[in-house]
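Input: a single structure, listed below in structure tokens.
We count ligands from 1, going down the list as the structure has it; atoms in each ligand are counted the same way.
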Amino acid sequence: MTHEALKALLDGMTLEEKAGQLTQCNAGQFISVDAEITGPEGQPLPAEELNRVLGSVLTFENAGQARQLQDLHLAADRNRIPLLLMVDVIHGMKTTYPIPLAMGCSFDDGLMAECAAMACREAAAAGVHVTFNPMVDTARDARWGRILETCSEEPLINSRMGAALVRTTQGDDLADPEHIACCVKHYAAYGAAEAGRDYNTVEISERALRESYLPAYRACLDAGARLIMPSFNSLNGIPSVANKWLMNTVLHDEWGFRGVVISDYDAVGELVTHGVAADMKEAVCLAMAAGCDIDMVKCAYYQYLPELVREGRVPEKALDDAVMRVLELKNELGLFENPYHGADEETEKRLNLCPAHREIARRAAEESAVLLKNDGVLPLKKDIRKLALIGPFAEEKRLNGFWSRPGAEKYTVTLPEGIRDLMPELELTVVRGCGAELGDTDAGGLAEAEEAARNAEAVVLCLGEPEHDSGEGRSRTDVTLPGAQLALAEAVMKANPNTAVLLFNGRPLVLTELEKIAPAILEMWYPGTEAGHAAARLLWGNANPCGKLSVGLPRSTGQYPMPYNRTNTGRPKPQPDSGVFPFSSSYLDTPNLPLYSFGHGLSYTTFEYVKLTLDKKAIRKEDSLTVTVTVRNTGSMPGKEAVQLYLRDPVASVVRPVQQLIDYQKIRLEPGEKQDVVFTVTEKQLRFISFDCEEVSEPGVFELSTGHADHLKLTDRFTLEA
Ligand code: GLC
């Protein structure tokens, strides 16, 4: 449709129909039309009346449902305005790839794009128009259960992977039925919730906000994301969905965003609970004034916008502008011509879990796994005959993560299945050994586990955190291994030291005690559908681990917040990091550094960082610097390596991090092969947020290093001239 035709459509709509366009309900309430819908005061709303004017729905699972929803609505809507169909396709629609935090550990934007493309094809075939993805909240506290949804504690990784996902998912033409629109979330700083408690207050300086929390949302909008979702939390006193500074000053005035803003679930109504709105009507006024276009599920817009406009408390122009943004998005998706977009059951059957998609998911699971420790137990020998597979996750199917689609576990390749596919001759004994539920102290299975370990040539011990214990509303005050898993590990290691630990978890866990006794630890995160195949290939070396931690792993929960890009303070703890140094910025009971640092990850081969060279020793603002890092594979296996480039600005007008990742590239080297990895550094990468919240760079000496955080090497210096 032309803009004029959309304008004519808008001009012909009643206030109720306009308010309906800005209302989103759960799809399930319409699949069965007689379902009850509760209004903002809990009153029942007639589904068939709402269905007539509704603008969008969320959460459904397949093309059949998508077509049914659209048909139900279009049959009732006199304006025949198609519904927007939205789903949380976070890491896969039917074929589940690893959780975003795992994908961040791949340090491979191209791999993220491949996975996003696969998920987009399956989602489009299921009839999805918009995915509530990417989530790019900077998260640095594993007590927050949603840390598993973001790629990293480092905004650069979230920015690059989020932008790659947006570009791949949206493509060049949203009317293309193989592409869908992205809604970046949760704007802003949801991951900075106090004490890691979900939905909690966020108080943060504007400088810290602009330096560490806003860049990734901006990167995704610059990549073209058509929607953005304000976060549940209050930010410096005002909940995001009513925060005019965040939504008008920054989002619209500074960044020029003209797409659609959709609230999070019930967030408009929660303005009353936050205590910034006296009632639902006032909540609607505040959210509209801040520029929130769609009210997700509360139906407060539907209930109150018509009267608020009639009362003159909400300008009809504000209502019209919001409705026009929604109509333009529907038009860009081509829904007026083709309301089903990509919904096609034949395509669904052909794509869902097809070999090509499973291969992508398996490769992603392999390349996001992080080999934390290996004293030689891994890779397992090809000729072993008897293996014991022990632990609460040994046969687990729920290895997909909080936001995997309902029923994803039906398709998970378990560890035994993956191992038997790869090593059919192997005699495999599987023992659960203990539970993994929070507070589960049952260690009744230890004797059986010890017996199995004693009688095997090698043991794979599968530990972690249950899928339902990380994700939304899943915060913990103590992020150690739940249940009796440590007791199981101690018993098994004693019975057979030739034991490798596989970890399945969403949030980073405290592994301090496990690390003391385990000779090998492979962090698998929640690897998704192809878990068993990926794990088996990694265990026997058919795949060589190449993941690097995109978030540091703590020695204890008490270390949080523990950003890798810390500042020096005036009393940095002297090295070594162990021991007591009174009157330094340190603890009496724990070293400062993480157990495993940001950027850490081992391989079955070894890499030598031969040299780091700069093509010049000084640059002006308009120049660029070519940095070459020479890396050699000094081991006996081919392997991939994420080469990382870190910056330090030793003297500036504000304190600067002792290390800041400014670039990364993933390479593959054959044994003995050497490669020059070339980075281009510009003045833009030297910028930071000044005390006055300006983005600036300042002349002076800068240090560039490679290696990984807390273990930098090959440092060289250059000058940015005035
Ligand atoms: C949830 C989440 C958000 C999700 C939305 C729709 O509460 O906060 O990430 O997209 O509701 O499911």
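Side-chain contact annotation: Tyr304 with Asp279, donor-acceptor N/O pair under 3.5 Å absent. Counted by atom type alone, Thr201 and Asn233 present zero donor-acceptor pairs between their side chains at under 3.5 Å.
Of the candidates Asp264, Ile262, Leu227, Val89, Ile262 is the only one forming a side chain to side chain contact (heavy atoms under 4.5 Å, CB included) with Phe132.
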Sequence neighbours left out, cut at 3.5 Å: what donor-acceptor pairs do the side chains of residues 267-275 make with other protein atoms?
from	atom 1	to	atom 2	distance (Å)
His274	NE2	Phe232	O	3.0

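Look at Arg160 and Asp108 and you find no salt bridge, because none of the NZ, NE, NH1 or NH2 atoms lies under 4.0 Å from a carboxylate O.
For ligand 1, the protein residues placed under 4.0 Å by at least one non-hydrogen atom are Leu58, Asp88, Phe132, Arg146, Lys185, His186, Met229, Phe232, Asp264, Tyr265, Met296, Trp403, Glu472.
In this structure, Trp144 has its ring center under 6.0 Å from that of Tyr190.
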